[in-house]
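Presented below is the structure to which this report refers.
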There are 2 protein chains.
Amino acid sequence: MAPTSDRRRRVTITDVARHAGVSKSAVSKVLRNAYGVSPAMRERVSAAMAELDYRPHAAARGMRGRTYTIGVLLDNIRNAFFADILDGVNTELRDGDYQVLIGAAGFAEEDQTKLARALVDRQMDGLILIGPGFPRAEVLRTAATVPTVVIGHHDVAEEHDSVVDADALGAGLVVDHLVGLGHRRIALTSTAGNRGSGWTGTPERVQRRGYHEAMRRHGLGDLARVAMTAFSEEGGYRAGMELLASAERPTAVFAGADVAAMGVFRAARELGLRIPEDFSLVGYNNTAVAALAPVRLTSVDQAGGLMGATAARLLLERVEGRTRSVLMTVSPTLVHRDTTGPPPPEPAGPPGG
Amino acid sequence: MAPTSDRRRRVTITDVARHAGVSKSAVSKVLRNAYGVSPAMRERVSAAMAELDYRPHAAARGMRGRTYTIGVLLDNIRNAFFADILDGVNTELRDGDYQVLIGAAGFAEEDQTKLARALVDRQMDGLILIGPGFPRAEVLRTAATVPTVVIGHHDVAEEHDSVVDADALGAGLVVDHLVGLGHRRIALTSTAGNRGSGWTGTPERVQRRGYHEAMRRHGLGDLARVAMTAFSEEGGYRAGMELLASAERPTAVFAGADVAAMGVFRAARELGLRIPEDFSLVGYNNTAVAALAPVRLTSVDQAGGLMGATAARLLLERVEGRTRSVLMTVSPTLVHRDTTGPPPPEPAGPPGG
DNA sequence: TTCAATTCGGAGACCGTTCCACGTTTCTCG
DNA sequence: CGAGAAACGTGGAACGGTCTCCGAATTGAA
């Protein structure tokens with residue numbers, strides 16, 4: 001009648017050992033397929049494990065060995081780009097014994113720090129940090145404790161591996177595309193990114209740099225214009241209002257993230273502007289929404305799956321003992337859909353020129 | 001020089017005990033704020049913990065007590081509705097000591113089973129299963145081992161608590177809304193849902209039941225029509241093509257999930273049909289995409305956040321010892337946006353009538 | 001045949017916590 | 001004032017694995 005008395009006791013390694021008539025050391029060896037087990041022994045033990053439906057207790061294993069668990073830290077699962085990354089991670093790890101557990105910390109620095117520590121405390125064998133927004137120093141400290149791969153930030157360090165998108169190049173692709181269509185007043189939506197401290201190579205910053213370089217390259221350096229708001233629907237809306245309602249309205253808006261582009265859509269709707277007739281719109285990340293029929297957003301694909309798979313592979317190598325750090329860069333490509341076209345004709349040519 | 005020699009040893013409870021000059025039992029008591037500690041002792045120990053920057057090792061705790069970790073199992077994080085649920089779970093659990101870890105298993109029955117077991121093996125204190133797609137028997141077995149809350153399925157059991165949306169009612173809201181606009185030929189997009197075995201109350205099934213009831217209630221039982229495809233963009237597309245290209249084209253399509261509605265959008269586009277001029281479209285779940293400016297999909301809101309928060313609360317109660325099972329039902333509401341309107345005029349009135 | 005090398009299996013310490021049992025103080029109250 | 005109860009602190013046995021020896025048995029070489 002006691003509340004938990006009916007919770008059956010787990011089958012332990014000792015049960016298996018007894019059932020097979022061997023020592024638990026032997027069972028442990030079979031489990032980890034370690035050296036020093038005869039085929040016959042392996043056979044007996046395996047049979048016993050199957051018969052008792054034995055599953056090793058991860059926490060107990062973790063006390064001396066591995067937990068066979070990889071932790072992924074991200075801010076918000078709503079970001080569809082992360083889903084692509086996770087798919088990559090999962091495919092890479094599916095066949096191994098490793099399990100992937102995700103922690104969604106939100107954007108607050110303290111919450112992310114707390115989660116990172118929680119993952120370490122739970123004995124993760126390795127950590128994948130996607131665009132971490134907590135102080136770099138804390139990340140380095142973590143990475144010194146647990147094998148770690150950082151996705152997104154361009155800052156490299158001995159302590160961890162890095163997987164990044166060539167964001168400067170990606171921004172260049174967008175500007176090239178728009179200039180090719182005849183645009184000159186091309187504005188960018190970016191974010192100050194309250195990304196903890198110590199990060200100098202956040203994706204958004206590198207993207208911004210790439211944008212400015214590309215504009216200069218085309219001789220449009222003076223027309224460059226950036227609206228800084230959050231990478232969110234609301235942020236995109238505010239940026240859109242700011243840019244599109246201004247006197248010198250840009251003919252093209254490059255939203256630094258697809259979500260932000262959605263907000264620009266709303267701003268355009270409110271201002272009675274059509275896309276791409278009145279202005280062109282480009283996103284970034286080629287999120288699933290971008291491809292949806294009612295959206296059809298031109299965007300930049302970052303091969304999230306590849307990034308995730310790479311991160312997973314690098315992480316396993318680290319777990320296995322590699323110590324020198326590695327930087328992997330993947331190349332973005334532009335996906336042309338329906339939100340970009342030639343700029344509208346100048347309403348009334350300004351005198352001169 | 002050894003690869004891992006520089007990974008600093010963790011501060012353990014013994015270190016804290018030594019540093020504070022007390023026994024580790026005492027430290028443990030302070031940690032769990034258990035009974036039998038004097039304020040002075042609490043003070044000393046807390047100071048020592050702070051000084052050494054001590055963090056308890058969750059895996060070790062799990063061996064005898066709790067791990068303070070809640071596991072959430074879901075199929076795919078791409079489903080934005082899950083994000084709402086998770087937000088609810090997180091807000092509810094944020095202030096406690098509990099951490100939420102998410103496992104994304106994919107749709108395959110074996111993968112989900114494997115993940116569920118992995119979560120149990122990792123000593124989760126409690127489990128939240130969101131629309132589990134593995135056999136009910138396995139879920140019940142799991143629930144007998146670990147406190148569990150199932151979200152979505154209407155099948156109740158002594159072993160676990162349940163949080164569901166009143167899906168039949170939700171479907172009724174949609175039909176009422178459409179009939180109110182003048183529609184009669186209202187089709188439903190649903191899914192066979194290869195949801196493991198043993199589940200008789202999957203959300204989609206209950207929704208279907210509600211749809212049929214509502215149609216009958218309005219005297220439209222004979223006009224009811226259901227296209228069975230997957231709840232995905234592609235599935236929605238196929239259902240859309242099937243329904244919209246048929247002779248007796250429905251004037252309204254009720255997509256059983258917002259994702260599917262996106263596919264219907266694509267089908268409509270391909271067939272040259274305008275929404276809502278040529279036919280009305282309603283989704284379900286009121287996912288974030290539904291609200292996006294380029295979409296503006298009429299949908300049914302399920303209060304995912306509330307569901308998540310409720311699930312978390314129920315789970316904690318179970319962890320604390322409650323044994324009788326509980327069913328919580330939340331009520332859906334219709335969110336009217338731009339994809340529904342009056343039906344188009346009959347092209348050429350059929351003779352008679 | 002002898003002795004070293006190799007292979008196999010087992011004993012038992014250890015990982016970092018919880019928690020039970022028990023001893024010592026300090027209250028409470030007749 | 002004394003006895004019983006409550007409060008407080010400690011030692012040490014778990015928990016379920018891993019992993020480092022160690023010894024016995026087998027094999028190979030001389």
Side-chain angles (χ1 to χ4, degrees), chain A residues 4 7-46 48-49 52-69 97 118 120-123 125 145 319, chain B residues 4 7-46 48-49 52-69 97 118 120-123 125 145 319:
Chain A
T4 50
R7 301 219 180 281
R8 244 198 336 279
R9 204 179 59 80
R10 281 185 72 104
V11 176
T12 75
I13 199 173
T14 312
D15 298 330
V16 175
R18 188 173 23 234
H19 191 264
V22 298
S23 72
K24 65 195 180 98
S25 315
V27 179
S28 175
K29 280 186 187 177
V30 171
L31 211 55
R32 296 170 288 134
N33 49 16
Y35 172 86
V37 201
S38 65
M41 166 71 80
R42 183 178 309 283
E43 187 52 38
R44 286 184 61 172
V45 172
S46 300
M49 295 203 297
L52 299 181
D53 192 23
Y54 168 70
R55 276 151 40 202
H57 192 298
R61 303 183 84 172
M63 298 229 46
R64 286 197 61 90
R66 302 185 185 167
T67 54
Y68 298 93
T69 313
D97 309 312
V120 173
D121 298 344
R122 279 157 186 75
Q123 275 293 102
D125 291 340
T145 311
V319 172
Chain B
T4 51
R7 300 218 179 283
R8 243 197 340 279
R9 202 178 62 81
R10 282 184 71 101
V11 175
T12 74
I13 199 172
T14 313
D15 298 329
V16 176
R18 187 171 25 232
H19 191 264
V22 298
S23 72
K24 62 197 178 94
S25 314
V27 179
S28 176
K29 279 189 187 177
V30 172
L31 210 55
R32 295 170 290 132
N33 49 16
Y35 173 86
V37 200
S38 65
M41 165 73 81
R42 183 178 310 284
E43 188 52 38
R44 286 184 62 170
V45 172
S46 300
M49 294 202 297
L52 299 181
D53 192 23
Y54 166 72
R55 275 151 42 201
H57 192 297
R61 302 184 87 170
M63 298 230 44
R64 300 225 17 120
R66 302 186 185 166
T67 55
Y68 298 93
T69 313
D97 309 311
V120 173
D121 298 345
R122 279 158 187 74
Q123 278 291 104
D125 291 340
T145 312
V319 171

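For clarity, every value in this text was computed on a predicted model and none was experimentally measured. Just the heavy atoms: all of them, side chains too, but no hydrogens, waters or symmetry mates, feed the values below. Note on naming: letters A, B, ... go to the chains in the order of the sequence lines (proteins, then strands), and numbering restarts at 1 for each one.
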Next on the checklist: Side-chain N or O of S23(A) versus OP1/OP2 of dG10(C): is the shortest distance under 4.0 Å?
Outcome noted: yes
Checklist entry - For the residue pair Y54(B) and V11(B), what are the closest heavy atoms and their distance? => result CD1-O, 3.4 Å
Checklist entry - Quick one: does K24(B) reach the base of dT17(C) with a side-chain donor-acceptor pair under 3.5 Å? => result yes
Item to check | Which nucleotide in dC19(C), dG16(C), dG12(C) has an atom nearest any side-chain atom of S28(B) | outcome: dC19(C)
Item to check | Heavy-atom contact window of chain B on DNA chain D, given 5' to 3' at under 4.0 Å | outcome: dA7(D) to dG16(D)
Item to check | Length of the CZ-P vector between R64(B) and dA21(C), whole Å | outcome: 11 Å
Checklist entry - For the side chain of Q123(A) and the backbone of G62(A), is there at least one donor-acceptor N/O pair under 3.5 Å apart? => result yes
Next on the checklist: Restricting to non-hydrogen atoms, name the atom on A58(A) and the atom on R122(B) that form the minimum distance, rounded to 0.1 Å.
Outcome noted: CB-CG, 3.5 Å
Next on the checklist: I need the CZ-C1' distance between R18(B) and dG16(C), as an integer number of Å.
Outcome noted: 13 Å
Checklist outcome for this item: In terms of heavy-atom contacts, A59(B) and A59(A) come closest through O-CB, 3.7 Å
Checklist outcome for this item: On DNA chain D, more 5' by nearest nucleotide between A40(B) and M63(B) is A40(B)
Checklist outcome for this item: By nearest-heavy-atom nucleotide on DNA chain D, the more 5' of G21(B) and G62(A) is G21(B)
Next on the checklist: Just the rounded figure in Å: distance from P of dC15(C) to CD of Q123(A).
Outcome noted: 13 Å
Item to check | Test salt bridge (Lys or Arg N to Asp or Glu O under 4.0 Å) applied to D121(B) and R10(A), step by step | outcome: CA-CA 10 Å; D121(B) 298 345; R10(A) 281 185 72 104; 3.0 Å; yes
Identify every side-chain donor-acceptor pair in residues 27-35 of chain B under 3.5 Å, counting partners at least two apart or on other chains, and give the distances.
unit_1 : atom_1 : unit_2 : atom_2 : d
S28(B) : OG     : R32(B) : NE     : 3.0
S28(B) : OG     : R32(B) : NH2    : 3.2
R32(B) : NE     : S28(B) : O      : 3.3

Next on the checklist: Categorize R32(A) for me: base, sugar-phosphate, or nothing, with a 4.0 angstrom heavy-atom threshold over every strand shown.
Outcome noted: base
Checklist entry - How close or far is atom C1' of dG9(C) from atom CD1 of I13(A), stated in whole angstroms? => result 14 Å
Checklist entry - Does any N or O in the side chain of R66(A) come within less than 3.5 Å of the main-chain N or O of D125(A), such that one atom is a donor and the other an acceptor? => result no
Next on the checklist: Tell me the interatomic distance from L31(B), atom CG, to dC19(C), atom P, rounded to whole angstroms.
Outcome noted: 11 Å
Checklist entry - Below 4.0 angstrom from OP1 or OP2 of dT17(C), is there any side-chain N or O of Y54(B)? => result yes
Checklist entry - N33(B) CG to dC19(C) C1': how many Å, rounded? => result 15 Å
Item to check | Options dG10(C), dG16(C), dT17(C), nucleotide nearest the side-chain atoms of S25(A) | outcome: dG10(C)
Item to check | Side chain of H57(B) - closest among dC8(C), dT17(C), dG10(C) | outcome: dT17(C)
